[in-house]
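Everything on this sheet refers to the single structure shown next.
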Amino acid sequence: MEGEIRKKVSCHVITYNHVNYIQKCIDGILMQKTNFDFEIIIGDDVSTDGTREIIQEYATKYPELIKLNLRQKRGIGIPGKENFVSTMEMCTGEYISLCDGDDYWTDPRKLQKQVDFLEKRKDYILCFHKIKILTPEGNFVDDFITKIPKNHELRKTLIENSNYIHTPSIVFRNINFIEFQGIEFQNSPIGDYFLYLILTNYGKIGFIDETMGVYRHGVGVYSSLDRMKMIKADLQLFINLYSFEKDIEFKKIFYRNILNIIESIQKINDNLAYENKLLTTRRHRFIEKLYRFIRR
(Lines give C-alpha, C1' and ligand atoms only; values in the text may rest on other atoms or scores of the structure.)
Protein backbone atom coordinates (compact mmCIF):
# COMPACT_ATOMS: atom_id res chain seq x y z
CA MET A 1 0.00 0.00 0.00
CA GLU A 2 1.38 3.41 -0.99
CA GLY A 3 2.62 5.44 1.97
CA GLU A 4 2.69 2.41 4.28
CA ILE A 5 5.72 2.27 6.57
CA ARG A 6 7.95 -0.68 5.77
CA LYS A 7 8.25 -3.11 8.68
CA LYS A 8 11.64 -4.22 9.85
CA VAL A 9 10.75 -7.92 9.64
CA SER A 10 8.09 -9.84 7.73
CA CYS A 11 7.42 -13.13 9.51
CA HIS A 12 6.58 -15.63 6.75
CA VAL A 13 4.29 -18.49 7.87
CA ILE A 14 2.78 -21.16 5.63
CA THR A 15 0.22 -23.63 6.85
CA TYR A 16 -1.92 -26.50 5.67
CA ASN A 17 -4.12 -28.53 8.02
CA HIS A 18 -2.14 -27.51 11.10
CA VAL A 19 -5.13 -27.08 13.40
CA ASN A 20 -3.28 -28.67 16.33
CA TYR A 21 -0.14 -26.56 15.87
CA ILE A 22 -0.86 -23.17 14.31
CA GLN A 23 -1.80 -21.36 17.52
CA LYS A 24 1.55 -22.21 19.12
CA CYS A 25 3.31 -21.00 15.98
CA ILE A 26 1.51 -17.64 15.92
CA ASP A 27 1.82 -17.13 19.69
CA GLY A 28 5.58 -17.70 19.42
CA ILE A 29 5.76 -14.78 16.99
CA LEU A 30 3.37 -12.53 18.90
CA MET A 31 5.48 -12.86 22.06
CA GLN A 32 8.54 -11.35 20.36
CA LYS A 33 10.01 -8.34 22.18
CA THR A 34 11.70 -6.01 19.72
CA ASN A 35 12.67 -2.36 19.35
CA PHE A 36 11.28 -2.42 15.79
CA ASP A 37 7.97 -3.16 14.08
CA PHE A 38 7.29 -6.50 12.45
CA GLU A 39 4.39 -8.11 10.60
CA ILE A 40 3.09 -11.66 10.25
CA ILE A 41 2.19 -12.91 6.77
CA ILE A 42 0.30 -16.21 6.90
CA GLY A 43 -0.39 -18.25 3.77
CA ASP A 44 -3.04 -20.94 4.11
CA ASP A 45 -3.13 -23.61 1.40
CA VAL A 46 -6.88 -24.29 1.62
CA SER A 47 -6.89 -26.07 4.97
CA THR A 48 -9.98 -28.14 5.72
CA ASP A 49 -9.45 -28.99 9.39
CA GLY A 50 -10.18 -25.63 11.04
CA THR A 51 -6.75 -24.05 10.57
CA ARG A 52 -8.14 -21.29 8.34
CA GLU A 53 -10.74 -20.31 10.92
CA ILE A 54 -8.04 -20.00 13.60
CA ILE A 55 -5.79 -17.72 11.54
CA GLN A 56 -8.80 -15.59 10.57
CA GLU A 57 -9.58 -15.10 14.27
CA TYR A 58 -6.00 -13.99 14.89
CA ALA A 59 -6.10 -11.61 11.91
CA THR A 60 -9.31 -10.06 13.23
CA LYS A 61 -7.75 -9.61 16.66
CA TYR A 62 -4.46 -8.18 15.31
CA PRO A 63 -5.43 -6.41 12.04
CA GLU A 64 -2.39 -4.10 12.04
CA LEU A 65 -0.01 -6.99 12.60
CA ILE A 66 -1.31 -10.00 10.67
CA LYS A 67 -1.97 -10.27 6.92
CA LEU A 68 -3.45 -13.38 5.35
CA ASN A 69 -2.86 -15.09 2.04
CA LEU A 70 -6.02 -17.21 1.84
CA ARG A 71 -5.58 -19.37 -1.22
CA GLN A 72 -8.72 -20.54 -2.96
CA LYS A 73 -7.29 -23.73 -4.42
CA ARG A 74 -4.18 -25.80 -3.83
CA GLY A 75 -1.45 -25.41 -6.37
CA ILE A 76 -0.79 -28.11 -8.92
CA GLY A 77 2.49 -30.01 -8.87
CA ILE A 78 4.73 -29.60 -5.83
CA PRO A 79 2.65 -29.53 -2.58
CA GLY A 80 2.77 -26.14 -0.87
CA LYS A 81 5.17 -24.50 -3.33
CA GLU A 82 2.72 -21.96 -4.73
CA ASN A 83 1.64 -21.11 -1.18
CA PHE A 84 5.28 -20.57 -0.17
CA VAL A 85 6.06 -18.34 -3.15
CA SER A 86 2.85 -16.26 -3.12
CA THR A 87 3.20 -15.66 0.63
CA MET A 88 6.85 -14.67 0.16
CA GLU A 89 5.77 -12.09 -2.42
CA MET A 90 3.64 -10.40 0.27
CA CYS A 91 6.65 -9.96 2.59
CA THR A 92 7.83 -6.36 2.26
CA GLY A 93 9.96 -6.11 5.41
CA GLU A 94 13.65 -5.29 5.41
CA TYR A 95 14.20 -8.81 6.74
CA ILE A 96 12.19 -12.03 6.41
CA SER A 97 11.87 -14.81 8.95
CA LEU A 98 10.52 -18.29 8.20
CA CYS A 99 8.43 -20.56 10.40
CA ASP A 100 6.11 -23.25 9.06
CA GLY A 101 2.75 -23.58 10.79
CA ASP A 102 3.70 -26.77 12.62
CA ASP A 103 6.89 -25.33 14.17
CA TYR A 104 7.30 -22.56 16.74
CA TRP A 105 9.69 -20.17 18.50
CA THR A 106 10.60 -20.33 22.18
CA ASP A 107 12.77 -17.25 22.78
CA PRO A 108 10.91 -13.90 22.99
CA ARG A 109 14.03 -12.07 21.78
CA LYS A 110 14.78 -14.34 18.83
CA LEU A 111 13.99 -11.74 16.17
CA GLN A 112 15.84 -8.99 18.02
CA LYS A 113 18.98 -11.10 18.40
CA GLN A 114 19.03 -12.12 14.74
CA VAL A 115 18.34 -8.66 13.38
CA ASP A 116 21.03 -7.22 15.67
CA PHE A 117 23.46 -9.84 14.34
CA LEU A 118 22.75 -8.93 10.71
CA GLU A 119 22.71 -5.18 11.35
CA LYS A 120 26.26 -5.38 12.72
CA ARG A 121 27.52 -7.62 9.91
CA LYS A 122 26.64 -6.21 6.50
CA ASP A 123 28.53 -8.99 4.68
CA TYR A 124 26.12 -11.62 6.07
CA ILE A 125 22.91 -12.36 4.18
CA LEU A 126 21.21 -14.71 6.64
CA CYS A 127 21.34 -15.87 10.23
CA PHE A 128 20.17 -19.11 11.86
CA HIS A 129 20.29 -20.70 15.32
CA LYS A 130 20.00 -24.02 17.16
CA ILE A 131 16.62 -25.70 17.60
CA LYS A 132 15.08 -28.46 19.66
CA ILE A 133 13.31 -31.32 17.91
CA LEU A 134 9.88 -32.45 19.05
CA THR A 135 9.43 -36.13 18.19
CA PRO A 136 6.06 -37.68 17.24
CA GLU A 137 6.07 -39.26 20.73
CA GLY A 138 6.11 -35.79 22.31
CA ASN A 139 9.74 -35.76 23.47
CA PHE A 140 12.08 -32.77 23.14
CA VAL A 141 15.53 -33.85 21.98
CA ASP A 142 18.68 -32.19 20.69
CA ASP A 143 19.00 -31.81 16.94
CA PHE A 144 19.84 -35.24 15.50
CA ILE A 145 18.99 -34.25 11.92
CA THR A 146 21.68 -31.68 11.19
CA LYS A 147 25.22 -30.98 12.33
CA ILE A 148 26.76 -27.51 12.13
CA PRO A 149 30.02 -27.95 10.17
CA LYS A 150 33.20 -25.94 10.37
CA ASN A 151 33.21 -22.91 8.08
CA HIS A 152 29.40 -22.97 8.22
CA GLU A 153 29.30 -19.35 7.03
CA LEU A 154 30.47 -20.23 3.51
CA ARG A 155 28.30 -21.12 0.51
CA LYS A 156 30.75 -23.84 -0.41
CA THR A 157 30.21 -25.50 2.97
CA LEU A 158 26.44 -25.40 2.53
CA ILE A 159 26.78 -27.07 -0.87
CA GLU A 160 29.24 -29.73 0.29
CA ASN A 161 27.31 -30.64 3.45
CA SER A 162 23.76 -30.26 2.16
CA ASN A 163 21.24 -28.46 4.38
CA TYR A 164 22.14 -27.80 8.04
CA ILE A 165 19.68 -24.90 8.55
CA HIS A 166 16.25 -25.59 10.03
CA THR A 167 13.44 -23.47 8.57
CA PRO A 168 12.11 -21.98 11.87
CA SER A 169 15.60 -20.73 12.73
CA ILE A 170 16.28 -18.43 9.78
CA VAL A 171 16.14 -14.66 9.26
CA PHE A 172 17.49 -13.19 6.02
CA ARG A 173 17.77 -9.88 4.22
CA ASN A 174 14.86 -9.19 1.89
CA ILE A 175 16.79 -8.44 -1.27
CA ASN A 176 15.42 -8.29 -4.79
CA PHE A 177 16.97 -11.41 -6.26
CA ILE A 178 15.66 -12.54 -9.64
CA GLU A 179 16.61 -16.19 -9.05
CA PHE A 180 13.56 -16.54 -6.82
CA GLN A 181 11.37 -16.37 -9.94
CA GLY A 182 13.54 -18.76 -11.94
CA ILE A 183 12.17 -22.01 -13.32
CA GLU A 184 14.67 -24.08 -11.31
CA PHE A 185 13.49 -22.73 -7.96
CA GLN A 186 9.84 -22.95 -9.01
CA ASN A 187 10.27 -26.61 -9.97
CA SER A 188 12.28 -27.68 -6.93
CA PRO A 189 10.33 -29.88 -4.48
CA ILE A 190 12.54 -28.72 -1.59
CA GLY A 191 12.40 -24.95 -1.39
CA ASP A 192 14.23 -24.00 1.80
CA TYR A 193 17.65 -25.40 0.89
CA PHE A 194 17.39 -23.95 -2.62
CA LEU A 195 16.45 -20.58 -1.12
CA TYR A 196 19.51 -20.59 1.15
CA LEU A 197 21.78 -21.38 -1.79
CA ILE A 198 20.29 -18.47 -3.72
CA LEU A 199 20.79 -16.14 -0.75
CA THR A 200 24.40 -17.17 -0.22
CA ASN A 201 25.25 -15.78 -3.64
CA TYR A 202 24.88 -12.41 -1.88
CA GLY A 203 26.56 -12.93 1.49
CA LYS A 204 27.69 -15.23 4.27
CA ILE A 205 25.76 -17.41 6.73
CA GLY A 206 25.58 -16.32 10.37
CA PHE A 207 24.96 -18.65 13.30
CA ILE A 208 23.82 -17.91 16.87
CA ASP A 209 24.65 -20.73 19.27
CA GLU A 210 21.38 -20.50 21.19
CA THR A 211 18.26 -22.68 21.09
CA MET A 212 15.34 -20.43 20.12
CA GLY A 213 12.81 -22.64 18.36
CA VAL A 214 11.24 -26.07 17.95
CA TYR A 215 11.01 -28.21 14.82
CA ARG A 216 8.34 -30.93 14.79
CA HIS A 217 9.87 -34.06 13.29
CA GLY A 218 7.65 -36.28 11.14
CA VAL A 219 4.89 -33.71 10.61
CA GLY A 220 5.90 -31.66 7.56
CA VAL A 221 5.13 -32.51 3.95
CA TYR A 222 8.66 -33.61 3.12
CA SER A 223 9.49 -35.33 6.40
CA SER A 224 6.37 -37.52 6.18
CA LEU A 225 7.06 -38.84 2.67
CA ASP A 226 8.03 -42.46 2.23
CA ARG A 227 11.60 -43.39 1.33
CA MET A 228 11.14 -43.65 -2.44
CA LYS A 229 9.31 -40.33 -2.66
CA MET A 230 12.06 -38.69 -0.59
CA ILE A 231 14.70 -40.05 -2.95
CA LYS A 232 12.73 -38.77 -5.95
CA ALA A 233 12.41 -35.33 -4.31
CA ASP A 234 16.17 -35.24 -3.68
CA LEU A 235 16.81 -36.17 -7.30
CA GLN A 236 14.55 -33.36 -8.55
CA LEU A 237 16.23 -30.93 -6.16
CA PHE A 238 19.76 -31.65 -7.34
CA ILE A 239 18.79 -31.69 -11.02
CA ASN A 240 17.35 -28.20 -10.61
CA LEU A 241 20.35 -27.06 -8.56
CA TYR A 242 22.70 -28.39 -11.24
CA SER A 243 20.79 -26.45 -13.89
CA PHE A 244 20.73 -23.31 -11.73
CA GLU A 245 24.35 -23.27 -10.60
CA LYS A 246 26.93 -21.24 -12.55
CA ASP A 247 30.08 -22.22 -10.66
CA ILE A 248 31.70 -25.25 -12.33
CA GLU A 249 33.14 -26.60 -9.05
CA PHE A 250 29.71 -26.55 -7.40
CA LYS A 251 28.00 -28.00 -10.47
CA LYS A 252 30.32 -31.01 -10.15
CA ILE A 253 29.16 -31.53 -6.55
CA PHE A 254 25.51 -31.46 -7.58
CA TYR A 255 26.29 -33.83 -10.46
CA ARG A 256 27.92 -36.32 -8.06
CA ASN A 257 24.85 -36.10 -5.85
CA ILE A 258 22.65 -36.91 -8.86
CA LEU A 259 24.79 -39.96 -9.70
CA ASN A 260 24.70 -41.17 -6.08
CA ILE A 261 20.91 -40.88 -5.96
CA ILE A 262 20.54 -42.76 -9.25
CA GLU A 263 22.80 -45.50 -7.84
CA SER A 264 20.67 -45.75 -4.69
CA ILE A 265 17.52 -46.04 -6.80
CA GLN A 266 19.16 -48.83 -8.82
CA LYS A 267 20.04 -50.70 -5.61
CA ILE A 268 16.45 -50.44 -4.37
CA ASN A 269 15.15 -51.74 -7.71
CA ASP A 270 17.68 -54.60 -7.68
CA ASN A 271 16.62 -55.58 -4.14
CA LEU A 272 12.96 -55.51 -5.13
CA ALA A 273 13.67 -57.67 -8.16
CA TYR A 274 15.55 -60.17 -5.99
CA GLU A 275 12.75 -60.27 -3.43
CA ASN A 276 10.13 -60.81 -6.12
CA LYS A 277 12.21 -63.61 -7.60
CA LEU A 278 12.65 -65.18 -4.16
CA LEU A 279 8.88 -65.20 -3.60
CA THR A 280 8.44 -67.46 -6.65
CA THR A 281 11.07 -70.06 -5.71
CA ARG A 282 10.23 -73.58 -4.52
CA ARG A 283 12.29 -73.00 -1.37
CA HIS A 284 10.21 -69.99 -0.38
CA ARG A 285 6.96 -71.91 -0.96
CA PHE A 286 8.27 -74.74 1.24
CA ILE A 287 9.14 -72.27 4.04
CA GLU A 288 5.65 -70.80 3.84
CA LYS A 289 4.08 -74.26 4.19
CA LEU A 290 6.38 -75.08 7.12
CA TYR A 291 5.43 -71.80 8.83
CA ARG A 292 1.70 -72.51 8.44
CA PHE A 293 2.24 -76.02 9.87
CA ILE A 294 4.03 -74.65 12.93
CA ARG A 295 1.29 -72.06 13.49
CA ARG A 296 -1.41 -74.75 13.75
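Heavy atoms only: backbone and side chains are in, while hydrogens, waters and symmetry mates are out. Values in this document were obtained by computation on a predicted structure and should not be read as measured data.
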Should [X] and [Y] count as an ion pair when the cut-off is N to O under 4.0 Å?
X: Lys7; Y: Asp37; value: no
X: Lys132; Y: Asp142; value: yes
X: Glu179; Y: Lys246; value: no
X: Glu245; Y: Arg155; value: yes

Following the transitive rule for hydrophobic clusters with a side-chain heavy-atom cut-off under 4.5 Å over Ile, Leu, Val, Met, Phe, Trp and Tyr, establish whether Phe244 and Phe185 coincide in one cluster.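 Cluster IDs for Phe244 and Phe185 match.
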Checking side-chain polar atoms at under 3.5 Å, does [X] have a donor or acceptor matched by the opposite partner on [Y]?
X: Thr87; Y: Asn69; value: yes
X: Ser10; Y: Glu39; value: yes
X: Ser169; Y: His166; value: no
X: Ser188; Y: Asn240; value: no
X: Tyr16; Y: Asp100; value: no
X: Gln236; Y: Asn187; value: no

Hey, what do you get for CD1 (Ile42) to CG (Asn83), rounding to the nearest 0.5 Å?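 Rounded to the nearest 0.5 Å, the CD1-CG separation comes to 11.0 Å.
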Angle class for the Phe238/Phe254 ring planes (parallel below 30°, perpendicular above 60°, tilted otherwise)?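 Correct class here is tilted.
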Taking the six-membered ring for Trp, are Tyr255 and Tyr242 parallel (under 30°), tilted (30 to 60°) or perpendicular (over 60°)?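 Rings of Tyr255 and Tyr242: tilted, 30 to 60°.
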Student check: side-chain heavy atoms of [X] and [Y] closer than 4.5 Å:
X: Ile40; Y: Tyr62; value: no
X: Ile170; Y: Tyr196; value: yes
X: Met212; Y: Trp105; value: no

Glu210 pairs by side chain to side chain contact (heavy atoms under 4.5 Å, CB included) with which of Lys113, Lys130, Lys110?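 Output: one option passes, namely Lys113.
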